[in-house]
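One structure is given here, and the rest of the page talks about it.
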Number of protein chains: 2
Amino acid sequence: MSWAVSPSGQVSCESCPIRHRAVCARCEADEFAQLESMKFYRTYEAGQTILFGGDPLEFVASVVSGVAMATRTLEDGRTQMVGLLLPSDFIGRPGRKFAPFTVSAATDVRLCCFRSKPFANLIEATPHIAQRLLEMTLDELDAAREWMLLLGRKTAREKIASFLAIIARRYAALAQSAEVGVNGVHLPAPQKLSFDLPLTRESMSDYLGLTIETVSRQISALKRDGVIALEGNRHVSVPNLDRLLAEAGDDSEDVLHDSAAE
Amino acid sequence: MSWAVSPSGQVSCESCPIRHRAVCARCEADEFAQLESMKFYRTYEAGQTILFGGDPLEFVASVVSGVAMATRTLEDGRTQMVGLLLPSDFIGRPGRKFAPFTVSAATDVRLCCFRSKPFANLIEATPHIAQRLLEMTLDELDAAREWMLLLGRKTAREKIASFLAIIARRYAALAQSAEVGVNGVHLPAPQKLSFDLPLTRESMSDYLGLTIETVSRQISALKRDGVIALEGNRHVSVPNLDRLLAEAGDDSEDVLHDSAAE
DNA sequence: TCGTGTAATTGACGCAGATCAATTCAGGAA
DNA sequence: TTCCTGAATTGATCTGCGTCAATTACACGA
């Protein structure tokens, strides 16, 4: 099994960077105290497997920092990423006993963990956690549907452009809610932004349903065409976000800016 | 807008075919009475649009009978199905104001509808509905992840075989829970089954991220190879389910038989 | 600073599935 | 039954992405 990395220093929930976005976001003081007493941290290095598909699920967790990947694999080794887990995202399902996919660390990752059983009990008792979990699950389902459109119908170039737009947007949201730079993201001005890719080319190919070579070629093509610029392999800057969005081929960025708030 | 079809006879929840699977499955008598007083039915003919993407969402609904499709479309018309809605499946999201995708009827469809606002209020008040909705949403997310693996990494032949397996399995589950034949499904013996396809070839191509021609060719190939037999265009029989599952290429049907029950 | 191993790029070529174009088939109306 | 119309099949050809195979670039430790 896999919970193999040294735990490290506890952090107070008060100062937790994902306090207002994670599954605990809506908790009242008493619920919060319960969670705080149950929680423990795990850290993983880039490349480590956090959880093998099919393994018994003894924990659920929130991603505190770093990026993790959920992947599914066919018999012959073809693999598809089915979830990209950024800070505040939740891993696990109350009541589920076995992992339906493999989870691994794309960068160094810190998780805030809870034992499955007590967490499931807590959910029964505290509607605020269940409510927030429903909200997050519905958001994830929206993202999955957009991802399906990408996988089924977009060209390789559109896939790359879409991926870059997704990363830029999600990091921008994180940076905004934390009000600090995260993972090397900077937002100097609206319309010009730059960020580090959290994934290798191989992981990008697993995300997009492409080969590593096609990913590389299309990134080169977007660079050649001036849609993006690269510093090193990982750092991307986007001189014109609208141009990138146009390359992504979506009919408009409407739809997903509809908030779930009542 | 779109709620354009004649309502028809009310049905008591007691005798509702989706009573034990839909969003109302876990309700107590009093919650149930509230739902019953709020509900109203809508029916749609095969091919009708139920809801256009971007339209204001005034209702949520459960599919009572028939099959509906959620689809997203790119500017140039490329279309991807992002949800296949069978009886008991839920349409809508509490708090969402606009439809993030188009919903249309693949067969004649009957919906059990609730106005959004009162339904959202009810959810706040009754944890059993929210719990059930969370469970259903998590199931849908599992299905979306399997679908992503299919779209990103499976060959055309594997996609067709997977689709047939999914339809067979979901209908089998429905038939089981209703204990009656549904939509022409029969289960004469374990290992030999037959059913009607609820989708046209075009809808199948939208589901699978293929063209209609490729769908047709691969169905012909599976028939030629004896994996399936056809009567007419819609009725499929599967002489050997294991053979079909092997063609679908999944590493095993493990994973998804893990129940969400505690 | 220099190696060294892994990640990424680039090129040549092949093929699965898309596209374009006829037929053929199925099922409902008269 | 026969006609008629949209759905489905089948064939010929094209092409975007995958596959195979070298380089080349980069990050990291000595």
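Chain identifiers are assigned alphabetically (A, B, ...) following the order of the sequence lines, protein sequences preceding nucleic acid strands; residue numbering begins at 1 within each chain. Excluded from the calculations below are hydrogen atoms, water molecules and symmetry mates; all remaining heavy atoms, backbone and side chain alike, are included.
In this entry the distance linking CD of A:E202 with P of D:dG18 reads 14 Å, nearest Å. The CG-P distance, from B:L199 to D:dA7, rounds to 14 Å in whole Å. For B:R153 and D:dT19, the CZ to C1' distance is 13 Å, given to the nearest whole Å. Taking atom CD of residue A:E213 and atom P of nucleotide D:dG16, one finds them 18 Å apart after rounding to whole Å. Rounded to an integer number of Å, the gap from A:L151 CG to D:dG16 P is 20 Å.
Because its NZ or CZ atom is not both nearer than 6.0 Å to the ring centre of A:F195 and within 45° of the ring axis, A:R234 does not count as a cation-pi partner of that residue. Both tests hold for B:R110 against B:Y41: distance to the six-membered ring centre under 6.0 Å, angle to the ring axis within 45°.
Residue B:T211 is in base contact, counting any heavy-atom pair closer than 4.0 Å across all strands shown.
Comparing the local axis fitted to the first five base pairs of the helix from C:dT1-D:dA30 to C:dA30-D:dT1 with the one fitted to its last five gives a bend of 40°, rounded to 10°.
For the contact set between residues 216-233 of chain A and DNA chain C, defined by any heavy atom under 4.0 Å, the members are A:S216, A:R217, A:S220, A:N233. DNA chain D is contacted by A:G209, A:L210 of residues 203-210 of chain A, taking any non-hydrogen atom closer than 4.0 Å.
Listed by chain and residue number, nothing satisfies the side chain to side chain donor-acceptor pair (under 3.5 Å) test with B:S216 (two or more places apart in sequence, or in another chain). Qualifying side chain to side chain donor-acceptor pair (under 3.5 Å) partners for B:T214, counting only residues two or more places apart in sequence or in other chains: B:T211. Listed by chain and residue number, nothing satisfies the side chain to side chain donor-acceptor pair (under 3.5 Å) test with B:N233 (two or more places apart in sequence, or in another chain). Contacts of B:T200 classified as side chain to side chain donor-acceptor pair (under 3.5 Å), with partners at least two apart in sequence or in another chain: B:S203.
Rounding to the nearest 0.5 Å gives a distance of 12.0 Å between CZ of A:R42 and SG of A:C112. Here A:F40 contributes atom CZ and A:L111 contributes atom CG; the two are 9.5 Å apart, rounded to the nearest 0.5 Å.
Across the interface with DNA chain C, nearest-nucleotide mapping of B:R234 and A:R234 shows A:R234 to be the residue nearer the 5′ end.
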Test side chain to side chain contact (heavy atoms under 4.5 Å, CB included) on B:L150 and B:L208 and set out the steps. CA-CA 8 Å; B:L150 176 150; B:L208 299 169; 3.8 Å; yes

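Applying the ring pair (Phe, Tyr, Trp, His ring centres under 6.0 Å) rule to pairs touching residues 199-226 of chain B yields B:W147-B:Y207, B:F163-B:Y207, sequence neighbours excluded. Within the structure, the salt bridge (Lys or Arg N to Asp or Glu O under 4.0 Å) test picks out the following pairs touching residues 150-165 of chain B (sequence neighbours left out): A:R78-B:E158, A:D206-B:R153, B:K154-B:D250, B:R157-B:D225, B:R157-B:E247.
For the pair A:D89 (side chain) and A:V63 (backbone), a donor-acceptor distance under 3.5 Å is absent. Judged by distance alone, the side chain of A:S88 and the main-chain N or O of A:I18 form no donor-acceptor pair under 3.5 Å. The main-chain N or O of A:V215 is never found under 3.5 Å from a side-chain atom of A:S205 such that the two would form a donor-acceptor pair.
Of the charged side-chain nitrogens involved, none lies within less than 4.0 Å of a carboxylate oxygen, so that A:E140 and A:R145 do not count as a salt-bridged pair.
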Atom pairs under 3.5 Å, N or O on each side, protein against nucleotides 2-4 of chain D: can you list them with distances?
none

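Annotation for A:L151 and A:G209: closest pair CD2-N, 3.9 Å, computed over non-hydrogen atoms.
Boundaries of the chain B contact region on DNA chain C are C:dG17 to C:dA26, first to last in 5' to 3' order (nucleotide atom under 4.0 Å from a heavy atom).
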